[in-house]
Amino acid sequence: MVERLLAVHGTDCGFLWQLMADQNGHINLGPSREVVAGVGFPAPPPPIYDCTLTPELVAKAREELQEKPEWRLRDVQALRDMILKDHPNLRTRLDDAFLLRFLRARKFDYDRALQLLLNYHASRKAWAEVFQDLKPSTVKHVLDLGFLTVLPRPDPHGRYILCLRPGKWKPNDYPFVDNIRAIYLTLEKLIQPEETQVNGIVILVDYAGVGLSQASNPGPLLAKKVVGILQDGFPIRIKAVNIINEPRIFKGIFAIIKPFLKEKMAERYVLHGSDLASLHRVIPQSVLPQEYGGVAGRLDMSAWSRTLLEAEEEFVVEFCQPDPLEGVILPDSMLFEGEQAGARGEDSFRHLRSQLYYCY
């Protein structure tokens, strides 16, 4: 099995997986949680691909993602061949399960899947403060504060719900970039099961408690980078972004973010204000906690924190290694356009800050 992994991963990245192999040649991806009575987060698929999709999800993937089971591994091999031919120095995972994430996120378009993979790695190089030493233990303070969690039950469409509560964070607590690190680790964990790759996720943002200090963060450059990763640098399908309890100034904040959003993504933002009935029309009460008018018990921030912290070892292998792009030449117009792009929004941001003081 180890020999097959080396053949698939290549010598540059195969050794990382060997670090986690036991004496029987099995890969240990760390503690996993089984789904019991619809509660809990499913374990990741094994590195040697074995489809875990139900017949219903196979049909959904065929209809929505152009995924044909009989051609699935052929498509993976085609993407792998493109990587090895065009970017032989790229130190990336090449196993079937990993590459399938990118194919599914781009509806099995080889060229777009390859670009997404390159963006995925380029984001690490472009934003070192987020990705350096990225592991759950380094964001435990974010998790303990209650900034984010994943609700234990998916919605009726099988989509897990990432719940963000920016009002829990204060600028004096720690740098805002730590929140981004915690979000990225959460997305990495969410995308492991095949169900999420097909169904996508829903984001619920509760702006209760957000005041002037939080509303003026992040600036346009930081916002552009976050949006760039979510749209073009990570293999996940964000199906909806529901905003609740947003302050009056949020429309001004959204005006800064919106130019960076693709039209389809912008249309997926829904502002509910304090109208929980509006929220319940898109997310049923059966999966929501009591805090949001649901019947699924109190909001538990600790369960997802444990899920991430128990996955420490796999994140060390994935992120705490040498730069995967070292020696790789990429086009100048990859994922981020740097200070020039941020400067285009700076005038608008200065105007927004002046309006913040007026509104608060």
Side-chain angles (χ1 to χ4, degrees), residues 123-150 162-190 203-234 236 238 241 243-247 249-261 269 301 304-305 308 315 319 335-339 341-346 348-357 359-360:
S123 63
R124 304 190 195 184
K125 193 176 188 70
W127 209 354
E129 61 183 321
V130 169
F131 294 96
Q132 184 175 4
D133 195 34
L134 184 59
K135 54 189 177 182
S137 60
T138 65
V139 298
K140 187 176 183 298
H141 57 290
V142 180
L143 302 173
D144 290 344
L145 193 66
F147 177 83
L148 66 77
T149 191
V150 174
L162 169 58
C163 180
L164 304 176
R165 301 195 296 169
K168 293 294 182 179
W169 171 78
K170 303 294 186 293
N172 291 334
D173 293 336
Y174 52 79
F176 185 82
V177 73
D178 287 1
N179 293 329
I180 299 171
R181 286 164 62 87
I183 291 171
Y184 197 91
L185 286 169
T186 292
L187 294 177
E188 282 285 351
K189 193 63 181 172
L190 280 171
I203 297 178
L204 172 61
V205 188
D206 178 7
Y207 271 86
V210 170
L212 172 61
S213 59
Q214 298 104 320
S216 59
N217 283 281
L221 180 58
L222 194 60
K224 178 178 172 57
K225 284 186 173 184
V226 172
V227 170
I229 288 177
L230 293 178
Q231 288 189 141
D232 299 310
F234 197 86
I236 200 163
I238 299 175
V241 180
I243 312 292
I244 62 173
N245 298 319
E246 65 273 15
I249 195 60
F250 180 80
K251 290 185 178 179
I253 299 172
F254 187 63
I256 298 297
I257 301 173
K258 191 172 181 179
F260 305 136
L261 295 172
Y269 276 70
M301 309 300 295
W304 184 252
S305 178
L308 283 184
F315 283 112
F319 290 102
L335 180 57
F336 305 112
E337 300 174 16
E339 298 295 335
R344 289 199 293 268
E346 193 62 40
S348 298
F349 183 61
R350 280 195 291 268
H351 175 71
L352 172 62
R353 285 181 65 90
S354 67
Q355 294 301 309
L356 282 171
Y357 288 97
C359 290
Y360 280 97

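The basis for the numbers below is simple: all heavy atoms, side chains too, and nothing from hydrogens, waters or symmetry mates.
Between W169 and F176, the ring-plane angle classifies as perpendicular under the 30° and 60° cut-offs.
I203 CD1 to Y269 OH: the interatomic distance, rounded to the nearest 0.5 Å, is 6.5 Å. To the nearest 0.5 Å, the span separating CE on M301 from NZ on K168 amounts to 8.0 Å. Distance check: I236 CD1 to T186 OG1 gives 10.0 Å after rounding to the nearest 0.5 Å. Once rounded to the nearest 0.5 Å, the distance linking CD1 of I183 with CD of E188 reads 13.5 Å. Atoms CZ and CG, on F315 and D133 in that order, are 13.0 Å from each other to the nearest 0.5 Å. Taking NZ from K135 and CZ from R181, the interatomic distance works out to 9.5 Å, rounded to the nearest 0.5 Å.
Considering all non-hydrogen atoms of both residues, L261 and Q231 come closest at CA-OE1, 3.3 Å. Nearest heavy-atom pair across P166 and V205 is CD-CG1, 3.9 Å. Between K170 and G167, the shortest heavy-atom contact is NZ-O, 3.0 Å.
Residues F131 and K125 have side chains not in contact (no heavy-atom distance under 4.5 Å, counting atoms from C-beta outward). The closest side-chain heavy-atom distance from L204 to L162 is not below 4.5 Å.
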D178/F147 under side chain to side chain contact (heavy atoms under 4.5 Å, CB included): CA gap, chis, key distance, verdict: CA-CA 10 Å; D178 287 1; F147 177 83; over 6 Å; no
Might you work through the side chain to side chain contact (heavy atoms under 4.5 Å, CB included) test for L143 and L148, ending with a clear yes or no? CA-CA 7 Å; L143 302 173; L148 66 77; 4.0 Å; yes
Tell me, with the steps shown, if L230 and L187 meet side chain to side chain contact (heavy atoms under 4.5 Å, CB included). CA-CA 9 Å; L230 293 178; L187 294 177; 3.5 Å; yes
Could you go through L308 and W304, starting from their C-alpha distance and side-chain angles, then the distance that decides it, and tell me whether this counts as side chain to side chain contact (heavy atoms under 4.5 Å, CB included)? CA-CA 6 Å; L308 283 184; W304 184 252; 3.5 Å; yes
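Within the 3.5 Å criterion, the main-chain N or O of T149 finds no donor-acceptor partner in the side chain of R165.
When each of L134, L190, V142, I180 is checked for a side chain to side chain contact (heavy atoms under 4.5 Å, CB included) with L185, only L134 meets the rule.
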